[in-house]
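Here the structure comes first, spelled out in structure tokens, and everything after it is commentary.
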2 protein chains.
Amino acid sequence: MLYAGFMSAVLPSVPAPQEPVGHPELVQLGAALGGDEPCLRADAARNRARLLEAAARLVAERGAEAVTMEAVAAEARVGKGTVFRRFGDRTGLLTALLDHSEKKFQASFLSGPPPLGPGAPPVERLRAFGCAMLRRSAEDLELQLAAEPCAPRRFTNPARSVLRHHVAVLLRQAVPEADCELLSHALMGQLDPALIHHLTKQCGLPMVRLEDAWTDLVDRVTGTAPTR
Amino acid sequence: MLYAGFMSAVLPSVPAPQEPVGHPELVQLGAALGGDEPCLRADAARNRARLLEAAARLVAERGAEAVTMEAVAAEARVGKGTVFRRFGDRTGLLTALLDHSEKKFQASFLSGPPPLGPGAPPVERLRAFGCAMLRRSAEDLELQLAAEPCAPRRFTNPARSVLRHHVAVLLRQAVPEADCELLSHALMGQLDPALIHHLTKQCGLPMVRLEDAWTDLVDRVTGTAPTR
DNA sequence: ATCAAAACCGGACCGTGGTCCAGTTTTCTT
DNA sequence: AAGAAAACTGGACCACGGTCCGGTTTTGAT
């Protein structure tokens with residue numbers, strides 16, 4: 001039970017809007033993984049269910065991009081404001097939709113059987129984790145993407161492409177036997193502006209640590225001896 | 001001159017909207033890195049300049065999030081439609097703003113002096129590239145983020161955090177001497193749903209290749225001998 | 001200089017995400 | 001059981017991104 005302190009993270013999301021009293025979705029904190037609806041008012045719980053149901057129906061019938069806040073509200077015979085009060089924003093709603101499969105996945109690597117769950121050596125668990133996640137992503141990819149509006153643009157962006165391609169070329173010179181095209185994506189992940197921002201501004205990490213981590217990553221990936 | 005075929009990528013972006021005749025920004029293709037404005041009509045070029053100037057003024061005075069298409073149009077004394085015709089969408093405008101520094105950066109590692117530019121061994125170039133990019137990102141971070149709307153949410157997302165933390169824990173068991181917190185970000189980069197989607201749906205890569213790349217990455221990062 | 005076609009301008013218009021608050025329903029207290 | 005407080009509802013409202021098209025300007029051929 002390693003992640004005991006992270007139970008809250010198993011919940012949908014809703015980054016705590018400016019609610020006067022305890023935010024509905026946040027109260028689930030007490031409800032653990034067992035039950036689903038917590039101390040919601042009767043009608044609120046009913047509407048929540050109807051909304052999720054309506055959203056699921058929409059995504060099934062007309063694709064994830066048809067999941068418009070208004071459309072969901074209409075489909076569930078509920079006011080628009082209710083949707084926002086319940087889920088915070090569009091992302092929150094989509095996240096809630098993904099929540100069930102998310103919980104299952106988390107359970108499988110937190111307490112499931114090896115090699116995904118505890119029991120196997122860490123490296124094997126890592127391998128299994130990646131493959132499991134790849135497969136899982138393939139399933140409800142549409143929702144995952146819909147929950148992250150600007151997702152596709154990140155990789156079709158020409159400027160970003162040039163940078164990544166440059167890394168791929170250098171990698172091919174350094175480790176010709178590897179799948180440098182894909183490896184370059186992993187490296188670029190560590191240089192993503194959004195990540196930089198999150199780590200430096202929000203987490204307060206010093207720049208030098210990022211630089212060290214980068215050179216270390218390069219050394220590991222290329223099999224170079226760490227020269228320091 | 002390795003990237004000759006990628007010159008187009010040096011340009012802002014504007015993923016080719018449904019323009020009847022050659023799209024303005026796309027015509028720059030002929031203008032290489034030297035000149036700035038290509039075969040734009042006189043008034044169009046004038047307005048383009050005024051728009052960029054106005055946008056820069058806005059971001060300087062009131063921050064990047066004040067760069068609203070309407071605001072820019074108003075500030076430049078120009079119709080809203082003009083902004084969209086010129087830059088396609090908000091992202092296009094922001095990208096155009098970043099274009100200058102982008103070109104400079106690209107030039108520095110494509111044809112600049114070593115170790116960033118050609119001449120140094122690839123691994124050293126990789127190291128230099130990462131650090132350069134980190135520094136560059138720190139500069140105009142605000143714009144970079146503004147150009148990618150949903151950027152911050154990616155890392156504050158609780159579900160994603162749990163997954164990443166799990167990877168970090170496993171990594172610490174496998175390579176205790178490394179900065180596993182940061183390393184885990186690189187690994188997770190390879191499992192990003194948006195990337196999966198791009199590679200499988202858009203590029204048509206088979207799933208198995210992604211899986212192989214993942215296990216290979218894990219092996220490299222943990223220093224495990226590739227057992228296959 | 002003149003004229004037609006091509007390119008461009010501007011602002012009205014739409015859909016969507018998100019906010020707000022008056023009125024209603026539920027829950028709690030006594 | 002009754003009444004007050006807390007919580008919830010729903011739809012009017014706003015801002016912004018993006019589309020469209022009638023009217024204007026530029027271009028280039030004659």
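Throughout, a chain's letter reflects where its sequence line sits, starting with A, and its residues are numbered from 1.
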Hey, can you tell me if A/His198 and B/His185 have their rings parallel, tilted or perpendicular (30° and 60° cut-offs)?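 Perpendicular.
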What's the closest nucleotide to the side chain of [X] if the choices are [options]?
X       : options                : answer
B/Asp43 : C/dC9, C/dT19, C/dG10  : C/dC9
B/Arg86 : C/dC8, D/dC8, C/dG18   : C/dC8
A/Lys80 : C/dC8, C/dT26, D/dA12  : D/dA12
B/Thr68 : C/dT27, C/dT25, D/dC16 : D/dC16
A/Asn47 : D/dT27, D/dT9, D/dG17  : D/dT9

How many whole angstroms separate atom [atom1] of [X] from atom [atom2] of [N]?
X        : N      : atom1 : atom2 : answer
B/Arg77  : C/dC9  : CZ    : P     : 17 Å
B/Leu93  : D/dG18 : CG    : C1'   : 14 Å
A/Arg153 : D/dG18 : CZ    : C1'   : 12 Å
A/Arg85  : C/dT25 : CZ    : P     : 16 Å
B/Glu65  : D/dG17 : CD    : P     : 11 Å
B/Arg46  : D/dT25 : CZ    : P     : 12 Å
A/Glu70  : D/dG10 : CD    : C1'   : 12 Å
A/Phe84  : C/dC21 : CZ    : C1'   : 16 Å

A/Arg41 side chain near D/dC8 phosphate (N/O to OP1/OP2, under 4.0 Å):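 Indeed not, no polar side-chain atom of A/Arg41 lies that close.
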Between C/dT16 and A/Arg90, counting only base atoms on the nucleotide and side-chain atoms on the residue, is there a donor-acceptor pair under 3.5 Å?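 Result: no qualifying N/O pair found.
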Name the nucleic acid region contacted by A/Ala73, choosing base, sugar-phosphate or nothing; use a 4.0 angstrom heavy-atom cut-off, strictly under.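 Nothing: the residue A/Ala73, judged by heavy atoms under 4.0 Å, touches no strand.
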NA contact type, B/Thr82, heavy-atom cut-off 4.0 Å: base, sugar-phosphate, or nothing?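 Result for B/Thr82 = base.
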Let me see the working for A/Asp89 and B/Arg153 under salt bridge (charged side-chain N to carboxylate O under 4.0 Å, His left out), right down to the final yes or no. CA-CA 12 Å; A/Asp89 56 12; B/Arg153 306 194 59 116; 3.0 Å; yes
Mind checking side-chain contact (heavy atoms from CB on, under 4.5 Å) for A/Ala76 and listing every partner two or more places apart, or none if nothing turns up?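 Partners of A/Ala76 by the side-chain contact (heavy atoms from CB on, under 4.5 Å) criterion, ordered by chain and then number, come out as A/Arg50, A/Leu51, A/Ala54, A/Val78.
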Check residues 138-146 of chain A and write down every donor-acceptor pair under 3.5 Å in which the side-chain atom is one partner and the other belongs to a residue at least two apart or another chain.
| unit_1 | atom_1 | unit_2 | atom_2 | d |
| --- | --- | --- | --- | --- |
| A/Asp140 | OD2 | A/Ser101 | OG | 3.4 |
| A/Glu142 | OE2 | A/Ala64 | N | 2.9 |
| A/Gln144 | OE1 | A/Arg136 | NH2 | 3.0 |

Has A/Glu211 got a side-chain atom pairing as donor or acceptor with B/Cys131's backbone, closer than 3.5 angstrom?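 Absent.
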